[in-house]
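Encoded as structure tokens, the structure appears first; notes follow it.
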Amino acid sequence: MKKSLLMALIATSFISVSNNALSAEVPFAIAIHGGAGTIEKSKFTPKEEQAYRAKLTQAVEAGYKVLEQGGESLDAITAAIQVMEQSTYFNAGRGAVYTYDGSHELDASIMDGRSRQAGAVAGVKHVESPINLARLVMDNSVHVMLSGQGAEEFAKEQGIPLIENNLFDTEHRYKALLKAKQKLDKAKATSKDYQAAHKALPNNYKMGTVGAVALDKNGNLAAGTSTGGMTAKRYGRIGDAPVIGAGTFAENESCAVSATGHGEYFIRYNVASDICARVKYQGKTITQAGDEVINGVLAPIGGTGGVIIVDTKGNISLPFNTSGMYRASKSNTQATYVGIFKGE
Ligand code: ASP
């Protein structure tokens, strides 16, 4: 072999070794979800399934691109969540479910793992991208959570145009509302108990939410969640998605979590921060901590749903205790993964 060729080969292998070393030293990763619930393969046509997978891929790639170019985890999760908020497939933004009264009330939150700064909005009716407004609350206000009219007044001050609530109307969500109301009214007629009646609703009426968690090249974690809440929820009901520690949590010392599921349970069991506390104080891996909380704590008491988790090394875990969860992930060491059903 000629000496110059040999030198070129040595140089190339050195570059590839040092690239590997570099990527091993600087991990970055993103995971997203589009809701958990009774999601079974038999309920999809191949075309529908394909469309969901394509949208999840588009969302995870949008976030990954930000990270790959050296952007912040906060920007990556916002980009990914906005793709899903703009789609009518998911229960957030454009695809938000209806309240019992036939309107849409949206919740969202975001958290910066570097500083534990957070922003959240609850019960907004005229804001196209609730995750964007949550971010503005974090960045440009002295508060963590704004609700309803006050949140919308703040949006206007921030230059966000308010839109008509009926722009969130979709036929498939309306049909779901009518079905849910039928079931609720029937259950109420027999039990006279609103809580019990709500419990009687199947899981797919309770869930849908979107979320994202990411680690950027600077080692900063972030988490965000956006939702229309639960179909036929009572007006004014606020779920776990805007509650920091319940539906969303991020701190650089442990992990970043975004949840989807029956929000009341996630609030009562402080799910997102419980997972990170197990990592931080008990030295658990995110896989152990996520499994303990989702399957060990929530499942036995009927708390259905799931979470997406990323840690400071770029490890990803996506546990859920329902038949499916729309999900996707990608990292500097892992190719794009997309899943919908259990066991894939
Ligand atoms: N967790 C959301 C809520 O309770 C619903 C969902 O995840 O689909 O509002």
Side-chain angles (χ1 to χ4, degrees), residues 31-39 52 56 81 84-85 87-100 103-110 120-125 130-131 134 145 147-148 168 170 172-173 176-177 180 195 198-199 201-213 223-249 257-275 293-294 298 301-309 318-327 340:
I32 63 164
H33 69 77
T38 314
I39 303 169
Y52 272 98
L56 289 166
I81 289 174
M84 294 185 282
E85 282 183 336
S87 161
T88 55
Y89 293 171
F90 307 103
N91 172 20
R94 291 280 162 176
V97 297
Y98 287 82
T99 63
Y100 189 90
S103 72
H104 308 274
E105 296 182 0
L106 284 60
D107 303 332
S109 68
I110 193 163
V121 293
V124 293
K125 296 176 81 167
I131 194 67
M145 189 191 285
S147 73
F168 298 113
T170 53
H172 66 295
R173 299 290 186 209
L177 172 68
Q195 292 297 336
H198 237 282
K199 274 196 174 162
L201 278 183
N203 281 337
N204 48 341
Y205 289 104
K206 294 175 189 155
M207 300 171 195
T209 300
V210 309
V213 292
T225 312
S226 179
T227 188
M230 281 162 54
T231 302
K233 67 184 178 183
R234 198 184 173 102
Y235 81 90
R237 179 263 187 190
I238 293 167
D240 59 318
V243 179
I244 297 300
T248 302
F249 191 75
V257 178
S258 168
T260 173
H262 196 160
E264 280 69 10
Y265 289 86
F266 283 69
I267 295 174
R268 287 165 50 216
Y269 284 83
N270 212 17
V271 166
S273 72
D274 186 7
I275 290 172
V293 175
I294 297 302
L298 287 185
I301 52 156
T304 45
V307 287
I308 51 172
I309 321 170
L318 314 167
F320 54 96
N321 61 27
T322 48
S323 59
M325 179 167 86
Y326 298 107
R327 59 201 186 276
I340 298 180

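Counting starts at 1 for both ligands and their atoms, following the listed order.
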Query raised in the report: Mind checking whether Thr227 has an N or O less than 3.5 Å away from an N or O of ligand 1?
Result: no

Query raised in the report: Is the closest basic N to carboxylate O distance between Glu264 and Lys233 below 4.0 Å?
Result: no

Query - side-chain hydrogen bond (donor to acceptor under 3.5 Å, both in side chains) involving Glu105 - partner list, sequence neighbours excluded - result: none

Report summary line: In ligand 1, the atoms that come under 4.0 Å of a heavy atom of Gly229 are 5 (C), 9 (O)

Query raised in the report: Got a second to check how far Tyr265's OH is from Ile301's CD1, nearest 0.5 Å?
Result: 6.0 Å

Report task. Report the part of Met325 (side chain from C-beta onward, or backbone N, CA, C, O) that has a heavy atom under 4.0 Å from ligand 1; answer both or neither where that applies. Result -> neither

Query raised in the report: If you measure from OH on Tyr98 to OG1 on Thr170, what distance do you get to the nearest 0.5 Å?
Result: 5.5 Å

Query raised in the report: Is it true that Gly261 lies under 4.0 Å from ligand 1, counting heavy atoms only?
Result: yes

Query raised in the report: Is Met230 in polar range of ligand 1, meaning some N or O pair under 3.5 Å apart?
Result: no

Requested in this report: Please say whether Asp240 places an N or O atom under 3.5 Å from an N or O atom belonging to ligand 1.
Outcome: yes

Report task. List in chain and number order the residues that pass ring-ring contact (aromatic ring centres under 6.0 Å, His included) with Tyr52, two or more places apart in sequence or in another chain; answer none if no residue qualifies. Result -> Phe44, Tyr89, Phe90, Tyr326

Requested in this report: Give, for atom OG1 of Thr225 and atom CD1 of Ile131, the distance between the pair rounded to the nearest 0.5 Å.
Outcome: 6.5 Å

Query raised in the report: Is the shortest N/O to N/O distance between Thr260 and ligand 1 below 3.5 Å?
Result: yes

Query - ligand 1 N/O within reach of Glu264 N/O, cut-off under 3.5 Å - result: no

Query raised in the report: So, the side chain of Thr209 versus the backbone of Gly35: is there a donor-acceptor pair under 3.5 Å, distance only?
Result: no

Report summary line: Heavy-atom proximity to atom 4 (O) of ligand 1 ranks first, among His262, Lys233, Arg237, for Arg237

